[in-house]
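Just the heavy atoms: all of them, side chains too, but no hydrogens, waters or symmetry mates, feed the values below.
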Amino acid sequence: MYLNQKISVKHFLILILIPISLYVTFHFIVWNLYTSKIFGRTDDMYIGDIGRMSYQVDSLFPRKLEYTLPKRLINSTPYHDESIDVLTIGDSFSNAATGGTNPYYQDYLSTKYNLKVLNIMNITNQGHRLFETIVSLYNNGWLQTHKPKLIIIESAQRGVYERFAKDFDWTQKQFNITPLITSIKTNDSYIPNLKQINTANYKFLYYGIKYTFNQRAQKDVVKMTLNKPLFSTPTYKTNLLFHYSDVQNIKNDPKRVMLINKNFNHLAKILKPLNIKLLFLVAPDKYDVYYDYIENNKFQKNLFFKLINPLKKEYLFIDSEKILKDKLSHNTLDLYYSDDTHWSYKASDAITNDQVFQKLFGNK
């Protein structure tokens, strides 16, 4: 009787220890080989948003925030109300969300053309009131006092309809510019530092398998295949990750594009007596830039640039989509980061070489 009880206890312990061992082993292997590269980092390397969200570890392009250009923009460093050449405002593309080398396109403007560039945040600090901020700075007299030579309003392509295809209140005011400068946070990307045993290990396995059968295994991130290598990540050279919102927000609405153009023309006319030029800089969505190289693409083409290019403009406009597609046609790698929705310094360099800037400022 005692022997049988002893054997039963032994079997019971084995039954308990085996699944516990398998559980711990699974987490140990997956964590140390894969998910720790996202959630267990102890360095200061930046990891892109869509690589993290989709658990596509092979897409990761770890990069250190560094500045190598001799001239920098005026951003959250103390601004002493000095005169400026260029005023910029925009979304994450203007505010260094990409991380890596020289994440501000404005630094290339400063360096190439010897300019003082001031970057400001929008009124609500939510990315949707870029246009209104400039209007209010005109109405409160700030622009009349400081008179920059150029104002650049930048927007990711996916946001242009929401932000600019509407009726505006042309009388609103924003009296205090200080929060518009000091509220900018560079490279603000929070990645939780997890313990070895965590749900991310399950998600890595789940999404890794599901992406084999479903391009939207993670609902917000689409994974597609390119017909040639355009990234330098060793096992991800011909894979493309992009936000689903890139295709979800495609409108191809000529009337709304005309309204956008009308609003920018109106603002340009307001600024003209002050000898301030207005430039609309659209940051093309990653999907649109790589569109021509996507295999078996079921999504429609974005025609925004095709619709807006022919329209009569009182403001300056850069065909940034064409510039970046030209770079891809010459097999430029990592024009956008493989793990991120944002462009790299290579795109910033290319766009700031545009003849619009060269005509305005020359090569100083």
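With sequence neighbours left out, the side chain to side chain donor-acceptor pair (under 3.5 Å) criterion links Y336 to no other residue. Residues that satisfy the side chain to side chain donor-acceptor pair (under 3.5 Å) test with T68, not counting sequence neighbours, are N102.
Distance alone, capped at 3.5 Å, is enough to place a donor-acceptor pair between the D107 side chain and the L73 backbone. With hydrogens and angles disregarded, a donor-acceptor distance shorter than 3.5 Å links the side chain of R216 to the backbone of K219. In this structure a side-chain-to-backbone donor-acceptor pair under 3.5 Å is missing from Q56 to D58. In this structure, D246 contributes its side chain and F242 its backbone to no donor-acceptor pair below 3.5 Å. In terms of modelled atom types and a separation under 3.5 Å, the side chain of T35 and the main chain of N201 share no donor-acceptor contact. Judged by distance alone, the side chain of N261 and the main-chain N or O of L311 form no donor-acceptor pair under 3.5 Å. Using a distance-only test at 3.5 Å, with no hydrogens or angles considered, no donor-acceptor pair links the side chain of E154 to the main chain of F280. Put simply, the side chain of D91 gets close to the backbone of F93: a donor and an acceptor are under 3.5 Å apart. Of the possible polar contacts, one joining the N353 side chain to the D349 backbone as a donor-acceptor pair under 3.5 Å is found. Of the possible donor and acceptor atoms, one in the side chain of R63 sits under 3.5 Å from a partner among the backbone N and O of T98.
In the hydrophobic cluster analysis, where Ile, Leu, Val, Met, Phe, Trp and Tyr join through side-chain heavy atoms closer than 4.5 angstrom, I151 is grouped together with L118. Residues I323 and L360 share a single hydrophobic cluster, defined by chaining ILVMFWY side chains whose heavy atoms lie under 4.5 Å apart. In the hydrophobic cluster analysis, where Ile, Leu, Val, Met, Phe, Trp and Tyr join through side-chain heavy atoms closer than 4.5 angstrom, Y108 is grouped apart from V356.
Between F264 and F131, the distance separating the two ring centers is shorter than 6.0 angstrom.
No side-chain donor from either of T225 and E295 sits under 3.5 Å from a side-chain acceptor of the other. Defined by atom type and a distance below 3.5 Å, a donor-acceptor pair is present between the side-chain atoms of T352 and K112. A donor-acceptor pair shorter than 3.5 Å can be found between the side chains of S92 and H342. In this model, no donor atom of one side chain and acceptor atom of the other lie less than 3.5 Å apart for S59 and D339. Neither side chain, N302 nor D285, offers a donor N or O lying under 3.5 Å from an acceptor on the other. For the residue pair Y290 / K286, no side-chain donor-acceptor distance below 3.5 Å is found, with atom types taken as modelled. Residues Y105 and N119 bring no donor and acceptor atom of their side chains to less than 3.5 Å of each other.
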(Q) Applying side-chain contact (heavy atoms from CB on, under 4.5 Å) to V282 and F317, what does each step give before you reach the verdict? (A) CA-CA 9 Å; V282 178; F317 186 77; 4.0 Å; yes

* **side-chain contact (heavy atoms from CB on, under 4.5 Å) between I38 and L60, worked out** => CA-CA 8 Å; I38 303 175; L60 299 184; 3.6 Å; yes

CA sep, side-chain torsions, deciding dist, call: M224, N297, side-chain contact (heavy atoms from CB on, under 4.5 Å): CA-CA 8 Å; M224 303 191 81; N297 187 4; 3.7 Å; yes

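Looking at Y207, Y34, F204 one by one, the single match for ring-ring contact (aromatic ring centres under 6.0 Å, His included) with Y55 turns out to be Y207. The side chain to side chain contact (heavy atoms under 4.5 Å, CB included) with K255 is formed by just one residue from the set D253, V257, L259; it is D253.
The minimum heavy-atom distance between F164 and L130, with the atom names listed, is CZ-CD1, 4.2 Å. L328 approaches K228 most closely through the heavy-atom pair O-NZ, 3.3 Å.
In this structure, NZ on K116 lies 9.5 Å from NZ on K149, to the nearest 0.5 angstrom.
Between Y202 and F26, the ring-plane angle classifies as parallel under the 30° and 60° cut-offs.
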